[in-house]
Amino acid sequence: MCCRAGNVLEGLSRFLLLAAMGGLLACCAGGSGPSACRPGELNSVYLVDRGWHTEIGVPVAALSGKLAVYREIFPGARTILFGYGKKTFFTAPASSLEEYLIGPFPGPAVVQVFAMTTTPDLAYDPGAVVVLPVSREGMGRLSYFIGGDLETGRDGRPRLVAAGHGPESLFYAARSRYTLFHTCNGWVVQALRQAGLPVSADGVVFAGQVMARGARAAAMLCRKAAP
């Protein structure tokens with residue numbers, strides 16, 4: 001029953017994403033242009049500031065292993081954003097002070113998968129995105145890390161637990177648990193480090209910390225790549 005419901009949701013997501021693609025492209029037309037030392041798209045990952053937490057964007061063509069299924073689930077997508085969070089807090093946003101206060105307590109986690117028909121640097125404000133170069137091997141390790149934290153259902157696919165707030169967003173069960181020491185921003189830093197990026201995980205709590213460290217890493221890698 002659960003698997004059938006998951007397939008229906010994923011099928012609906014594919015249909016609605018295709019139907020809405022024109023509108024999404026129009027919304028994403030702004031943003032900053034490529035920087036002087038920006039790597040090619042397939043060699044880039046995107047660190048995205050979503051306010052209270054960060055997410056990591058991966059080019060669809062670079063997804064491998066368990067994550068390759070998202071090329072089927074979101075046909076026409078160009079980038080997939082992955083974000084981590086506590087299940088009860090992430091899938092149903094808090095609406096009261098009490099819910100915010102219990103948000104940080106340990107509990108089951110989910111990975112949000114958000115499909116984009118463009119790249120994050122073209123979709124969001126320039127200050128909200130850091131573009132980082134990653135090797136082909138690093139991309140493989142990144143896919144392995146994210147895929148390894150996704151629970152697998154009886155059908156062998158990541159286990160869908162909820163639809164997001166639009167046709168391009170789905171939530172999948174995570175194998176790890178959300179705790180005070182394993183948070184949304186800490187998870188993103190772990191993913192970046194698995195990709196071989198020089199981003200420190202020490203004392204990470206807030207989105208601003210992750211973005212600042214990502215920006216420093218991008219500047220350092222840019223200097224190294226300069227002739």
Side-chain angles (χ1 to χ4, degrees), residues 1-21 23-24 42 45-46 48 50 53-93 106-120 134 136-179 182-184 186-188 190-192 194-195:
M1 184 70 174
C2 177
C3 293
R4 288 199 297 272
N7 289 335
V8 168
L9 276 173
E10 288 176 349
L12 178 61
S13 174
R14 289 197 294 270
F15 173 78
L16 292 176
L17 180 65
L18 287 170
M21 194 169 295
L24 287 173
L42 293 184
V45 295
Y46 305 89
V48 182
R50 301 300 297 269
H53 79 129
T54 51
E55 296 180 355
I56 185 167
V58 184
V60 168
L63 297 174
S64 61
K66 192 183 292 186
L67 302 188
V69 71
Y70 292 115
R71 284 196 283 273
E72 171 197 336
I73 295 172
F74 296 111
R78 185 169 165 184
T79 310
I80 300 291
L81 288 183
F82 296 95
Y84 180 87
K86 185 178 175 183
K87 179 182 177 181
T88 54
F89 196 80
F90 211 8
T91 59
V110 292
V111 175
Q112 182 181 29
V113 178
F114 181 84
M116 303 181 67
T117 56
T118 184
T119 56
V134 175
R136 181 180 297 181
E137 293 76 14
M139 286 290 193
R141 292 192 299 269
L142 177 60
S143 283
Y144 182 81
F145 171 81
I146 297 174
D149 202 21
L150 291 171
E151 280 190 13
T152 302
R154 293 182 180 179
D155 57 359
R157 299 156 65 97
R159 186 167 70 84
L160 181 67
V161 295
H165 304 295
E168 69 282 0
S169 175
L170 297 171
F171 290 96
Y172 291 84
R175 298 180 64 184
S176 63
R177 284 177 60 83
Y178 182 94
T179 73
H182 189 255
T183 64
C184 51
W187 184 89
V188 166
Q190 284 184 288
L192 294 174
Q194 288 296 317

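The analysis underlying the following values was restricted to heavy atoms, covering all of them including side chains, and did not include hydrogens, waters or symmetry mates.
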Item to check | For Leu160 against Ala162, the heavy-atom pair lying closest together | outcome: CD1-O, 3.6 Å
Item to check | Pairing residues for Gln194 by the side-chain hydrogen bond (donor to acceptor under 3.5 Å, both in side chains) criterion, not counting sequence neighbours | outcome: none
Checklist entry - Are Val134 and Leu142 close enough that some pair of their side-chain heavy atoms sits under 4.5 Å apart? => result no
Checklist entry - Less than 4.5 Å apart, any side-chain heavy atom of Arg177 and any of Pro108? => result yes
Item to check | Neighbour count above 12 (heavy atom, 6.0 Å) for Arg71 CZ | outcome: yes
Checklist entry - Less than 4.5 Å apart, any side-chain heavy atom of Ser64 and any of Met139? => result no
Next on the checklist: Quick check: Phe82 with Phe145 (ring centres under 6.0 Å apart)?
Outcome noted: no
Item to check | Minimum side-chain heavy-atom gap Leu67-Leu150 below 4.5 Å | outcome: yes
Checklist entry - Do Leu170 and Ile73 have side chains that get closer than 4.5 Å, going by heavy atoms? => result yes
Checklist outcome for this item: Between the CD atom in Glu168 and the CD1 atom in Ile80, the distance rounded to the nearest 0.5 Å is 10.5 Å
Next on the checklist: Treating Ser169 as the side-chain partner and Phe114 as the backbone partner, does any N or O pair qualify as donor plus acceptor under 3.5 Å?
Outcome noted: no
Next on the checklist: Taking the side chain as everything from C-beta on, heavy atoms only, tell me whether Thr79 gets closer than 4.5 Å to Tyr46.
Outcome noted: yes
Next on the checklist: So which atom in Arg78 and which in Thr119 form the shortest heavy-atom distance, rounded to 0.1 Å?
Outcome noted: NE-CG2, 3.7 Å
Checklist outcome for this item: With sequence neighbours left out, the residues meeting side chain to side chain contact (heavy atoms under 4.5 Å, CB included) with Arg50 are Val48, His53, Glu55, Leu81, Tyr124
Next on the checklist: The criterion is side-chain hydrogen bond (donor to acceptor under 3.5 Å, both in side chains); which residues satisfy it with Ser176, sequence neighbours excluded?
Outcome noted: Tyr84, Asp149
Next on the checklist: How long is the straight-line distance from NZ of Lys86 back to NE2 of His182, given to the nearest 0.5 Å?
Outcome noted: 15.0 Å
Checklist entry - Between Phe171 and Ala163, which heavy-atom pair has the shortest distance, and what is it? => result CD1-O, 3.9 Å
Item to check | Full working for side-chain contact (heavy atoms from CB on, under 4.5 Å) between Thr183 and Tyr178 | outcome: CA-CA 6 Å; Thr183 64; Tyr178 182 94; 3.9 Å; yes
Next on the checklist: Could you report the tightest heavy-atom contact between Trp187 and Val111, atom names first, then the distance?
Outcome noted: CZ2-CG2, 4.2 Å
